[in-house]
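One-based numbering, in listed order, for ligands and for the atoms of each.
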Amino acid sequence: MRVFSRASFLFLLVLIGLVAACSGNTVTNANAGNISGTNMTTTETIDKGDNALLAEWTGPYGGVPAFDKMQLADLKPAVEKGMAIGLQEIDAIANNPEPPTFANTIVAMEAAGRDLDRAETYWGIWQGNLSTPEFREIDTELAPKLSEYSSKITQNEALFARIKAVYESDEMKTLRPDQQRLVWLVYASFARRGATLDAAGKQRYAAINQRLAELYTLFSNNLLADEEGYVTILTADQLSGLSPSLVQAAAAAATERGHEGEYAITNTRSSMDPFLTFSDERDLREKVWRTYYSRGDNGDEHDNNKVISEILELRDERVKLLGYENFAAWQLEDRMAQTPERALELVETIWVASLARVEEEVADMQAIADKEGAGIKIEGWDYRYYAEKVRKAKYDLDSDEVKKYLQLDKLREAMFFVAGELFGFDFTPVPEGTVPVFHPDVKVWEVRQRETGELVGLWYLDPYARTGKQSGAWANSFRSHETFDGVKNVLASNNSNFVKGAPGDPVLISFDDATTLFHEFGHALHGLSSNVEYPTLNGGVRDFTEFQSQLLERWLETDEVIERYLVHYQTGEPMPKELVEKLKKAKTFNQGFDTTEYLASTLMDMRYHMVDPTGIDPDKFERETLAALHMPDEIVMRHRSTQFGHIFTGEGYAAGYYGYLWADVLTADAAEAFAEAPGGYYDKELAKRLIDLLFAPRNAVDPAEAYREFRGRDADYTALMRDRGFPVTAPAKSE
Ligand SMILES: [Zn+2]
């Protein structure tokens, strides 16, 4: 589940490899912004030729992408020309002889890079929906060029001098709050990346970044080497408990490694997890468990401990150059949490509740083991295995039965119903052929305000799997809302990978997939409801940007949706109450384990980025920190330090892994507001406040302030504990 968001040039700087907060994947095509031709008197106009990927969008709805004219041969020249034009536009702003003002600097930057934006829209489609080996070659070639483009802009000293002048000007105080926020976001995006340093500082800053980039690659390669280098080979008599499909996958993996006739458990999560869940062979479970959790920590040439020490020391040095206390303080400055202390306060509160739930889970499992006469004490390699037995005994669900009530088309209608009730949006199919699409499977709807008939934008849906399409589900926007240079309507899209049924047959999906469908639609509605004036203000805030989508998932479980749309594909009967209850209960299954393994990694992430890392020994630091936290013996960090790619193969999630939890707390707390409202989840007044305060302003308002205004207080952590079925003993944090 990813969000790509078309955004401004600032977005490119801040979030290159942006907010894929859903899955932890990164997206490399965050867009650049644009400049109108008004300042381009000093330079020659670059000839765009007849490249369809650079052309202005024409046709209905304020112009739409020419997806019917996409030619891969045009991509590289389009991106290169788009960048050249973008740089020319930036130079024109930087070298403007007029004194710097909000209009001729900040607003002009908002208008820069539109050509590259358009080229990147098509680039994103090839990346996500239509990839081919030929495309991937071009992609590999273009990615570093885009990063160089972004560096050229941040390192433009004349440009930064103007931005700084506006930021410090008297004019700044006369601007509207959203305009002031825009100036701050632009200024901070430069300053936080070294623009304020003197020449020597800049040189050191660049050297650190270069070394860090090497270390990130090294970390990643070491981890990969240990994932590929270790495999547990089994014989036919060692397969007890494994399902036929697991056995089949293990046989194929063995054959691939030259062990025809045997079975291989590889050293990856997708292989380890089901093996530990189902294998009856306790010794083998222990072996697979130990091998998996030793990745990067084997004391050999692929050991990541020294790599981590160097990364931490360099990060610390770099942010100290900029005057920050530690890396976490630098990282959280422009996030909703704002300070590491606030993020830690949340994490530590949930940690205590989560440990209490683990004790209950272990007790449930131990009881089963004792009843079976296993004669064991539950260990790390037993957790998943006995948890599965608990699940069968207490939370069992027939997933095939559930699917009969989940038809893709009906779920889409359910989403439109929710969007109508909450947002006042009407969705109408666009007649086939009026809006170009990049594949015949893609359908397009027109979105209008129900009351006024005013056009909001278009919603593109690409529901089915195909070769060359990324796995998973994601949302993106081809065009975001803005008004500063004429009103632009939104072009939002949702993408998923359902298997197409036979013609006329309904596509039946799992409850998890239905939840994801609502989740991604939440991202689309967040984009469609935007009312910001400037493109940059559409940008995501990493620990806030999953809130809107996660919250929308809750409407799938409302009675209104269940009764009208979760109906049996043959009988038309709504899903029975008992089944709904079972589904809700199943969501709390194993939450102690899931939350604790995640939080252990989160806590370690924060500690690493708050201590003085001089001479740190990660192995020892991890051991001592976990002991001090009373980490349960039965659970391992979801990602041990030497395996923690989120934080050591790049920077987006470094001191930022807490972000998933942050959004979860907001979601649980906001959901309680609806549960308690007079009209419940369809309370008109509360829905209006939600949209006005937490959807429409995007990043034009500080998210923490916006949330406080919505709820009358900060989010209450205990809402999440109730949501996950944790024993709630801590007092509510509300004031
Ligand atoms: Zn998401």
Side-chain angles (χ1 to χ4, degrees), residues 1-7 11 14-31 124 127-129 335-337 411-412 415 418-419 422-423 459-463 469-478 480 490 492-498 509-530 538-557 587 594 598 602 646 652-653 656-671 690-691 694-695 698-699 703 707 715 720 723:
M1 297 174 270
R2 289 167 294 270
V3 200
F4 300 29
S5 184
R6 177 188 184 279
F11 212 27
V14 177
L15 294 176
I16 220 173
L18 144 89
V19 188
C22 307
S23 62
N25 289 343
T26 50
V27 174
T28 49
N29 72 329
N31 279 344
Q127 236 168 17
N129 307 66
R335 301 207 176 167
M336 184 173 172
L411 286 161
R412 200 194 58 236
M415 300 195 306
V418 170
L422 264 54
F423 291 77
W459 182 66
Y460 294 66
L461 177 66
D462 182 13
K469 188 170 175 181
Q470 269 186 163
S471 62
W474 66 96
N476 59 1
S477 295
F478 308 136
S480 299
V490 179
S493 98
N494 281 161
N495 307 269
S496 41
N497 272 285
F498 297 111
I509 68 176
S510 72
F511 194 74
D512 276 355
D513 284 343
T515 305
T516 304
L517 199 65
F518 270 63
H519 176 103
E520 299 306 338
F521 192 59
H523 285 306
L525 290 173
H526 192 194
L528 286 162
S529 57
S530 168
N538 279 304
V541 179
R542 197 182 284 258
D543 52 5
F544 185 55
T545 195
E546 291 303 319
F547 158 70
Q548 291 80 5
S549 51
Q550 291 185 6
L551 186 64
L552 204 89
E553 296 172 15
R554 304 294 170 120
W555 273 266
L556 172 62
E557 294 168 35
K587 284 171 75 176
D594 289 346
Y598 159 77
T602 305
H646 288 79
Y653 284 91
Y657 197 59
Y658 76 93
Y660 296 98
L661 183 77
W662 191 267
D664 284 346
V665 167
L666 299 176
T667 304
D669 187 57
L690 176 76
I691 292 146
L694 298 176
F695 274 70
R698 303 281 312 189
N699 196 14
Y707 195 85
L720 182 88
D723 204 42

- Task: Determine, step by step, whether Arg554 and Asp723 satisfy the salt bridge (Lys or Arg N to Asp or Glu O under 4.0 Å) criterion, reporting the C-alpha distance in whole Å, the side-chain angles of both residues, the deciding distance to 0.1 Å, and the verdict.
- Result: CA-CA 12 Å; Arg554 304 294 170 120; Asp723 204 42; 2.9 Å; yes

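With hydrogens and angles left out, the side-chain atoms of Ser493 and Asn495 include a donor and acceptor closer than 3.5 Å.
The Zn ion (ligand 1) has no N, O or S atom of Glu520 inside 2.8 Å of it.
Here the N, O or S atom of His523 that is nearest to the Zn ion (ligand 1) is NE2. Among heteroatoms of the N, O or S kind in Glu546, OE1 lies nearest the Zn ion (ligand 1).
Here Ser496 pairs with Pro463, Ala473, Phe498, Leu517 under the side-chain contact (heavy atoms from CB on, under 4.5 Å) rule; sequence neighbours left out. Partners of Trp555 according to the side chain to side chain donor-acceptor pair (under 3.5 Å) rule, which considers only residues two or more places apart in sequence or in another chain, do not exist here.
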